[in-house]
Amino acid sequence: MTVIEAAMDYAKRLFSGNAGGHDFDHSMRVYKNAMDIAQSVPGCDLEVVALAALLHDADDHKLFATENNAHLRAFLKERGIGPEKTERICRAVNSVSFSQNRGRRPDTVEGKIVQDADRLDAIGAIGIARAFAYGGEHGRPMEASVQHFYDKLLLLKDEMNTEPGRRLAGERHAFMEAFLREYYEETGETPPAANEKKER
Ligand code: ADP
Ligand code: NI
């Protein structure tokens, strides 16, 4: 088994109890997005990108009570990954979360790629599905998930780090806009963004 296959196995075990936004499939989609982006970004370390993408949520504080990337480090140690590469993988993973880094961009190319890959999974058709799954999981009404588009998801396309990430985000953004147009047409409600524009 390659280290990548072992990381998939490990992610599958870690996320087996989760439905919706943070299941194993999220890790796999982020991995796929990251490898697609990495193909057109010269000079990145593909193994760092792959392992950071697959295990980017392995120590997410919303899901696990680990500190200092304990899950990730234990896995890498068991697979014989050396200290230098381990630090690069942890650094990439730790730069992905926007809120934990007070909005600072990742300072390594691998971090930039994985952050873009994670953001792509929050927008487009899959992003729409995840937003409503999240709302349902937290017992919130549908409007709360729709509001999340205006608070966060529609802003992500302008926050991308890489050229391929920006292009893919543009396509997924257009799909979300089409969804919202149809949603408001069917409900007869007024979109919050349109309200704001009228007032200005
Ligand atoms: P990640 O850790 O993968 O970056 P988050 O934990 O921030 O993602 O969110 C997981 C998923 O839940 C994302 O698709 C996100 O858009 C969605 N989500 C987060 N907060 C809300 C919210 N308040 N309403 C609806 N969806 C949300
Ligand atoms: Ni994630």
Side-chain angles (χ1 to χ4, degrees), residues 7-37 50-66 71-72 92-101 103 113-161 165-194:
M8 288 176 187
D9 258 26
Y10 185 50
K12 195 178 245 171
R13 267 189 289 138
L14 277 179
F15 297 109
S16 62
N18 295 311
H22 276 118
D23 51 7
F24 170 64
D25 296 340
H26 168 65
S27 301
M28 287 302 288
R29 288 189 304 265
V30 172
Y31 167 67
K32 183 187 177 296
N33 292 343
M35 298 322 274
D36 286 350
I37 294 171
L51 293 173
L54 281 169
L55 297 175
H56 77 280
D57 279 333
D59 294 284
D60 186 318
H61 67 274
K62 295 191 289 302
L63 307 167
F64 307 106
T66 53
H71 279 154
L72 178 57
V93 164
N94 294 339
S95 66
V96 169
S97 162
F98 185 83
S99 51
Q100 276 179 53
N101 293 286
I113 291 170
V114 178
Q115 186 179 67
D116 278 8
D118 192 35
R119 285 174 169 173
L120 283 172
D121 206 53
I123 60 178
I126 195 69
I128 295 170
R130 288 180 81 208
F132 288 104
Y134 180 99
E137 242 174 356
H138 290 78
R140 297 191 186 154
M142 280 209 301
E143 302 97 85
S145 293
V146 176
Q147 184 59 43
H148 185 62
F149 286 78
Y150 293 93
D151 293 342
K152 183 164 176 199
L153 305 183
L154 292 169
L155 311 178
L156 290 178
K157 79 163 176 23
D158 295 326
E159 304 279 337
M160 303 301 281
N161 306 300
R166 246 187 307 282
R167 183 177 49 74
L168 292 163
E171 292 167 12
R172 293 184 184 207
H173 182 90
F175 186 82
M176 283 196 298
E177 287 193 315
F179 167 80
L180 288 167
R181 265 197 307 278
E182 178 73 15
Y183 179 90
Y184 283 110
E185 199 172 306
E186 291 181 15
T187 60
E189 292 163 11
T190 317

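Taken from CG in Asp60 to OG1 in Thr66, the straight-line distance is 9.0 Å, to the nearest 0.5 Å. How far NE2 of His173 is from CZ of Phe175: 13.0 Å, rounded to the nearest 0.5 Å. One distance of note links CD of Glu177 with NZ of Lys157; it measures 7.0 Å at 0.5 Å rounding. We find the CG-CZ distance between Leu156 and Arg119 to be 6.0 Å, quoted to the nearest 0.5 Å. Taking CG of Asp116 as the start and CD1 of Ile37 as the end, the distance is 5.0 Å to the nearest 0.5 Å. Going from atom CD1 of Ile123 over to atom NZ of Lys152 covers 11.5 Å, rounded to the nearest 0.5 Å.
Taking a cutoff of 4.0 Å between a charged side-chain nitrogen and a carboxylate oxygen, Lys32 and Asp36 qualify as a salt bridge.
Annotation: side chain of Ser95 is not in contact with side chain of Gln115 (no heavy-atom distance under 4.5 Å). In this structure, Asn161 and Arg166 have side chains that are not in contact, with every pair of non-hydrogen atoms separated by 4.5 Å or more. Side chains of Tyr31 and Met8 form a contact here, defined as non-hydrogen atoms less than 4.5 Å apart. Side-chain contact check for Val93 versus Asp59: every heavy-atom pair is 4.5 Å or farther apart. Proximity of Asp57 to Val30: side-chain heavy atoms (C-beta onward) are nowhere separated by under 4.5 Å. Two residues are said to be in side-chain contact when any heavy atoms from C-beta on lie closer than 4.5 Å; Tyr10 and Leu54 fail this criterion. By the 4.5 Å heavy-atom criterion applied to side chains, Ile126 and Arg172 are counted as neighbours. When side chains are defined from C-beta on, Asp118 counts as touching His26, because their heavy atoms get closer than 4.5 Å.
Closest approach of Ala92 and Ala52 over heavy atoms only: CB-CB, 4.0 Å. Taking each heavy atom of Ala53 and Ala34 in turn, the nearest pair found is CB-CB, 3.8 Å. What you find for Gly165 and Met160 is that their closest heavy atoms are O-CE, 3.5 Å. For the residue pair Met176 and Gly124, the shortest heavy atom distance occurs at CG-N, 3.6 Å. Residues Ala58 and Leu14 approach most closely at CB-CD1, 3.6 Å, considering heavy atoms. Summarising the geometry of Phe15 relative to Asp23, their closest heavy-atom pair is CB-C, 3.9 Å, with the distance given to 0.1 Å.
The 12-atom threshold is exceeded at CZ of Phe132, counting heavy atoms of other residues, nucleotides or ligands nearer than 6.0 Å.
His138 places a side-chain N or O within donor-acceptor distance of the main-chain N or O of Tyr134, the cut-off being under 3.5 Å.
By the ring-ring contact (aromatic ring centres under 6.0 Å, His included) test, His71 pairs with Phe64, sequence neighbours left out. Every residue was checked against the side chain to side chain donor-acceptor pair (under 3.5 Å) condition with Asn33, not counting sequence neighbours, and none meets it.
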Intermediate values then yes/no, side chain to side chain contact (heavy atoms under 4.5 Å, CB included), Leu180 and Val146: CA-CA 8 Å; Leu180 288 167; Val146 176; 4.1 Å; yes
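The aromatic rings of Phe179 and Tyr183 sit tilted relative to each other, their planes meeting at an angle between 30° and 60°.
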